[in-house]
Amino acid sequence: MNSPAPAIRRLHTVSENEIAGLADVLIDCVEGGASVSFMLPLERERAVVFWRRVADAVAQGQRGLFVAEDSEGVCATVQLIFDLPENQPHRADLAKMLVHRRARRRGVAAALMRAAEAAARECGRTLLVLDTVTGGDAERLYARLGWNRVGVIPNYALFPQGGFCSTTVFYRNLG
Ligand SMILES: CC(C)(COP(=O)(O)OP(=O)(O)OC[C@H]1O[C@@H](n2cnc3c(N)ncnc32)[C@H](O)[C@@H]1OP(=O)(O)O)[C@@H](O)C(=O)NCCC(=O)NCCS
């Protein structure tokens, strides 16, 4: 029998248990080759420090943090970054879409995107921007969900094991 679909939740405070689960998801994605700011090896301590900073930003209202949970705990996450210049009050960046390999290809990322977009709309953030590895699984996800592809910046970042990857910039107008 299929296990139930992971539940999506917005976190307004982040517990130690949730930080541990988020660190697991980040490490799994980086070890799986995702170019999401970190190089290999990604030690647990570094991942935990990253999520503690995110938790502080969430507590200060600078970020919106969404998680999906399955029977093992946090299995996926995405963030909205609200902390932008004062001339962009209508905008947010979408960042760190991460789905643990155990939870992929079940629509979890799409559900997280819908939750983040709804929350952005509710607080008047009607223009969302993101960038993602060109040619990766996430690029298809965003295009499928109706995001507009702006263009490609060649050799923008490195893969976790080394080697350049290009990035594709997308936006979505929720107005
Ligand atoms: C990219 C990523 C977020 C997608 O997460 P996901 O939860 O697997 O995404 P979805 O399930 O919504 O969609 C993925 C695929 O599964 C398919 N799918 C969705 N539900 C499905 C289901 N019930 N049965 C079968 N397939 C399904 C989708 O159609 C999609 O197909 P495609 O890859 O051929 O386009 C995930 O692979 C990931 O975390 N990658 C590493 C980190 C990363 O690159 N993040 C992006 C940073 S910008």
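Quick note: numbers below take in every heavy atom, side chains included, and nothing from hydrogens, waters or symmetry partners. Counting starts at 1 for both ligands and their atoms, following the listed order.
Closest to atom 44 (O) of ligand 1, if we only count protein heavy atoms, is Ala34 CB, 4.0 Å. Here the heavy atom of the protein found nearest to atom 32 (P) of ligand 1 is Arg140 NE, 3.4 Å. For atom 39 (O) of ligand 1, the nearest protein heavy atom (residue, atom name, distance) is Val99 N, 2.8 Å. Annotation: atom 36 (C) of ligand 1 to nearest protein heavy atom, Arg104 NE, 3.6 Å.
In this structure, Leu158 and Phe164 have side chains that are in contact, with non-hydrogen atoms separated by less than 4.5 Å. With a 4.5 Å cut-off on side-chain heavy atoms, Val30 and Val36 count as touching. Within the 4.5 Å cutoff, the side chain of Leu80 has no heavy atoms near those of the Arg125 side chain. No side-chain heavy atom of Val58 sits under 4.5 Å from any side-chain heavy atom of Leu11.
Less than 4.0 angstrom separates some heavy atom of Leu141 from each of these atoms of ligand 1: 12 (O). Close contacts between ligand 1 and Gly107 involve ligand atoms 10 (P), 11 (O), 12 (O), 19 (C), 20 (N) [criterion: under 4.0 Å to a heavy atom]. Set against the non-hydrogen atoms of Ala138, the atoms of ligand 1 under 4.0 Å away are 1 (C), 46 (C). Shown in contact with Tyr142 at under 4.0 Å from a heavy atom are these atoms of ligand 1, numbered in order with element: 48 (S). Less than 4.0 angstrom separates some heavy atom of Asp131 from each of these atoms of ligand 1: 48 (S).
No side-chain donor from either of Glu139 and Trp147 sits under 3.5 Å from a side-chain acceptor of the other. Using modelled atom types, one finds no donor on one side chain facing an acceptor on the other under 3.5 Å when comparing Thr168 with Thr132.
The distance criterion of under 3.5 Å between nitrogen or oxygen atoms is not met by Leu98 with respect to ligand 1. The shortest N or O to N or O distance between Ala109 and ligand 1 is below 3.5 Å. Among the atoms of Thr132, none of the N or O lies under 3.5 angstrom from an N or O of ligand 1. Not a single N or O atom of Val36, backbone or side chain, sits closer than 3.5 Å to an N or O atom of ligand 1. The distance criterion of under 3.5 Å between nitrogen or oxygen atoms is met by Met97 with respect to ligand 1.
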Subject >> salt bridge (Lys or Arg N to Asp or Glu O under 4.0 Å) between Glu43 and Arg46, worked out >> reply: CA-CA 6 Å; Glu43 301 80 8; Arg46 252 180 348 121; 2.9 Å; yes
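Heavy atoms of Arg144 approach ligand 1 to within less than 4.0 angstrom.
Residue Arg44 qualifies as enclosed at atom CZ: its count of foreign heavy atoms under 6.0 Å is above 12. Residue Asn155 places its CG atom among more than 12 non-hydrogen atoms of other residues, nucleotides or ligands, all under 6.0 Å distant.
Using cut-offs of 30° and 60° on the angle between ring planes, the pair Phe38 and Phe50 is perpendicular.
Between atom 18 (N) of ligand 1 and the options Met113, Lys96, Arg105, the minimum heavy-atom separation is to Arg105.
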